[in-house]
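Heavy-atom basis, side chains included; hydrogens, waters and symmetry copies ignored. Proteins get letters first, then strands, A, B, ... in listed order; numbering begins at 1 in each. Just so you know, these numbers come straight off a predicted model, no measurement behind them.
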Number of protein chains: 2
Amino acid sequence: MASNAISSETQRAKLERKERVILEAARAIFVDHGFDGARMQVIARRAGIGEGTIYSYYDSKAELMLAVLQQFWDGLTREAEGVMASVQVTDFFGRLEALARYHLNTVIVNADFINLTFALRRNNSEVSVSRDHLRHYVAVFDRLFLRGQDRGELRADAVLWQARDIFYGSLEYSARSIEMTIDADRTAREQEPVVHQMVALFRSHFGAAQGTVAGDDPSVVQLSSKLDRLSEKFDALAKRLG
Amino acid sequence: MASNAISSETQRAKLERKERVILEAARAIFVDHGFDGARMQVIARRAGIGEGTIYSYYDSKAELMLAVLQQFWDGLTREAEGVMASVQVTDFFGRLEALARYHLNTVIVNADFINLTFALRRNNSEVSVSRDHLRHYVAVFDRLFLRGQDRGELRADAVLWQARDIFYGSLEYSARSIEMTIDADRTAREQEPVVHQMVALFRSHFGAAQGTVAGDDPSVVQLSSKLDRLSEKFDALAKRLG
DNA sequence: AAGGCTAATTGAATAGCATTCGATATTGTC
DNA sequence: GACAATATCGAATGCTATTCAATTAGCCTT
C-alpha cells in the first residue's frame, strides 16, 4: 500500500517533470523561431523525447504554445502582485509608480513573448484565451485603483476602468514606442521619464483635490441626477414609440 | 506606335484590375477565416482565377495578407488625414477631440483587421512591416501634436512623443477594453465618455495654462458627456420620426 | 490575317510539416 | 515473474502552400 502510493506519487512526479521539460523546450524554441518557425521535431529533440510523445501531453502545437504563454502571463501576474506586496510605501501614488516602473520594464524586456501572445490569435478561441491572460494580469491594476479610491487618494468620481485603461494602455504603447527606437542604451534611459510622466498625470487628473473633492459639489450632483431622470424619461418615450 | 502604347496601357490596366480582384477576394476570406483558416484555393476561386496565378502577383500567402493589410492601414491613414482636413474647428483641442473620436471608433469597428495585423507577426520581418503601417498612421497624430505646440496651445515643455504615446495608447487599449464587453449597445455608448476623458486629460495636463478651463473639472466633464449622449439619442429619435 | 514571340494562366505534381497510429517499451500490480 | 495498463516512439498519413511544365492569350511584324 505505502509503496503503492509512493511509487504512483513518484510516477506522477516524473510525468510532471517531463511536462515541465517539454514546456521549457517549447518556450526556448518558440521565442527563438516564432510560432511558425518552430518545428515540433526540434522541440521534441530538445526535450529529449520522441515527436509523438508531445501529443500525449498537449493536443496540438497551438495548445503547447498556449501553455507556454499561460505560464508566462501567470508569472507576470505573480510578479506584479509581488511588487505590490513588497513595496514599502503605502500611499497610492507611490504604489502606482512602482507598478508603472515594473510594468513598463517588463513589457520592454519581454517584448518577444508579448508579440507571440498576439501572433497566436489566429482564430476566435485563441483571441479570447489571450484576452483572459491579459484580463487576469490587468486585474492587479484594478485592485490597486480600487484601493486608491477607498483610501480617498483617487477622486471619488473617477471612472475606474477608464483610469485603468489610460494607465495600462499608455504604458503598453509607450513600451512599444520605446522599443521601436531599438537603441538599447536609450531604451533604459527613456523609461524613468515615462513612469514619472504617468504618475504626475494621474496625480493631477485623477488625484483627489486636497480640500474640496470635486465630485461632492452638491450643485453638480443635483444636475447629474436631473440629467439621469431626463435620460430615463427619454428612454421610456423612445421605447413607447417602437 | 500609338496603338502599341494604348494597348499596352489597357493591358496594364487589366493586370491592375486583376490584382485588385485578388486583393478583394483575399481581404474577404482572411477577415472571415483568419490567416490560417484561409485556403489559397478558396481565395483563387473567389477571385475567379487559377490557384497558381496568385503567385505571379504575390510571392506567398503571407505577402498577400501583407498587401491586404497595407491597403487597410493606408485607408485608415488617409481617412484620419481626411478628418483632420475637414474638421471645422481650428483650435487644437477641438481637433484632438475629432481625431480621438475617429480613432476610437475605427479601432473598435475594425478590430478584426487589427487582430490580423498582429496575428501575422510570425517572424521579425513581419513584425517590422506591421510596425511601419502603425508608424505611418501614428504620424497623423504627431503632426497634430506638433501643430498644437506651434500654436501655443500645448505646453512648450511637453515631450511630444510622450504625449502622443499616452494619447494613442490609451485610446487603443480603451478600444480593446470596450470591445471586450461585447454588448454592442454599450460599445457605442461608452465611446463618447472615453473621448471626453482623454481630451479633458490633455487639456489639464498638457494644455498651456490659461486661467481655469471648464474641462478641468471631471465631474463637469462627466455631465457634459451625459448631455452629449442624451443629445445623440435625441437626434436618433428625431431622425427616426422623419 | 497568319505566324511567331512573349507573358500570363493553369491545375496537377511536389514538398514541408503537424498530427496520427500501430508497434514497442516501461511501469505497476498481484 | 507474468499480466495489464500506460507511456513512448518514429514511420506513415494527410493537409496545404508552393512550384512547374504545359497551355493559352495577347501583341507585334510582315
Side-chain angles (χ1 to χ4, degrees), chain A residues 1-23 25-26 29-30 32-68 116 119-120 122-123 126, chain B residues 1-23 25-26 29-30 32-68 119-120 122-123 125-126:
Chain A
M1 284 297 139
S3 80
N4 183 337
I6 285 173
S7 62
S8 86
E9 203 57 14
T10 55
Q11 173 62 2
R12 169 176 316 203
K14 201 167 157 186
L15 290 183
E16 272 169 11
R17 186 160 40 77
K18 191 165 285 190
E19 190 168 337
R20 275 200 303 280
V21 169
I22 295 174
L23 222 50
I29 302 297
F30 280 137
D32 276 9
H33 298 90
F35 184 77
D36 286 314
R39 301 278 145 261
M40 291 303 268
Q41 202 183 119
V42 175
I43 294 174
R45 231 189 327 260
R46 175 159 186 143
I49 61 173
E51 230 177 312
T53 307
I54 295 181
Y55 288 88
S56 55
Y57 290 82
Y58 301 94
D59 284 346
S60 66
K61 189 181 182 183
E63 279 217 3
L64 176 56
M65 172 121 151
L66 236 36
V68 168
L116 280 182
L120 193 63
R122 297 153 176 236
N123 59 47
E126 278 152 3
Chain B
M1 283 294 141
S3 80
N4 185 336
I6 285 172
S7 62
S8 88
E9 203 56 13
T10 55
Q11 172 64 0
R12 168 175 318 202
K14 202 166 155 186
L15 290 183
E16 274 169 11
R17 185 159 41 77
K18 191 167 284 190
E19 190 167 336
R20 275 200 304 280
V21 169
I22 295 175
L23 222 50
I29 302 297
F30 280 136
D32 276 9
H33 298 91
F35 184 76
D36 287 313
R39 301 277 145 261
M40 291 302 268
Q41 203 183 120
V42 175
I43 294 174
R45 229 189 328 259
R46 176 159 184 143
I49 60 174
E51 231 176 312
T53 307
I54 296 180
Y55 288 88
S56 55
Y57 289 83
Y58 301 94
D59 283 347
S60 67
K61 190 181 182 182
E63 280 217 2
L64 176 56
M65 171 119 152
L66 235 37
V68 167
L120 192 62
R122 291 150 183 240
N123 59 47
S125 85
E126 278 151 1

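- For the pair B:Val21/B:Arg46, no side-chain contact is recorded, criterion being any heavy-atom separation below 4.5 Å from C-beta on.
- Residue-level contact check: A:Tyr57 touches the backbone only, with heavy atoms under 4.0 Å from sugar-phosphate atoms and none from bases.
- Listed candidates were D:dC9, C:dT10, C:dA18. Nearest to the side chain of A:Tyr55 is C:dA18.
- Side-chain N/O atoms of A:Thr53 include none lying less than 4.0 angstrom from OP1 or OP2 on D:dA7.
- Between B:Leu64 and B:Leu23, some side-chain heavy-atom pair lies under the 4.5 Å cut-off.
- B:Met65 has its CE atom 15 Å from the C1' atom of D:dA17, to the nearest Å.
- Atom pair B:Ile54:CD1 and D:dT19:C1' shows a separation of 14 Å (rounding to whole Å applied).
- Side-chain atoms of A:Tyr58 and A:Met65, non-hydrogen and from C-beta on, never get closer than 4.5 Å to each other.
- For the atom pair CG of A:Leu66 and CG of A:Leu116, the computed distance is 11.5 Å after rounding to the nearest 0.5 Å.
- Distance, A:Glu51 CD to C:dC21 C1': 13 Å, rounded to whole Å.
- At a threshold of 4.5 Å between non-hydrogen side-chain atoms, the residues B:Lys61 and B:Ile43 do not count as touching.
- C:dA18 atom P lies 16 Å from atom CD of A:Glu63, rounded to whole Å.
- Residue A:Ser56 places its side chain closer to D:dT8 than to any other of C:dT20, D:dT8, C:dT9.
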Under-3.5 Å N/O pairs linking protein and nucleotides 22-25 of chain D:
none

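- Legend: residues meeting side-chain hydrogen bond (donor to acceptor under 3.5 Å, both in side chains) with B:Arg20, ordered by chain and number and at least two apart, are absent.
- Nucleotide D:dT16 holds its C1' atom 15 Å from the CG atom of B:Leu64, rounded to whole Å.
- For A:Gln41, the side-chain hydrogen bond (donor to acceptor under 3.5 Å, both in side chains) criterion is met by A:Arg45, not counting sequence neighbours.
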Using a cut-off of under 3.5 Å, enumerate the N/O to N/O pairs linking the protein to nucleotides 14-17 of chain C.
from: C:dC17; atom 1: OP1; to: A:Arg39; atom 2: NE; distance (Å): 3.0
from: C:dC17; atom 1: OP1; to: A:Arg39; atom 2: NH2; distance (Å): 3.0
from: C:dC17; atom 1: O5'; to: A:Arg39; atom 2: NE; distance (Å): 3.4

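- For A:Tyr57, the side chain to side chain contact (heavy atoms under 4.5 Å, CB included) partners two or more places apart in sequence, or in a different chain, are A:Leu15, A:Lys18, A:Glu19, A:Ile22, A:Thr53.
- One interatomic measurement links the two molecules: CG of B:Asp59 to C1' of D:dT19, which rounds to 12 Å at whole-angstrom precision.
- Regarding A:Tyr58, its OH atom lies at a distance of 17 Å from the P atom of C:dA18, rounded to whole Å.
- The distance between atom CD of A:Glu16 and atom C1' of D:dA7, rounded to the nearest whole Å, is 15 Å.
- In this structure, the separation between CG on B:Asp59 and CD on B:Glu63 is 4.5 Å, given to the nearest 0.5 Å.
- Listed pair A:Lys18 / D:dA7 fails the phosphate criterion, with no side-chain N or O lying under 4.0 Å from OP1 or OP2.
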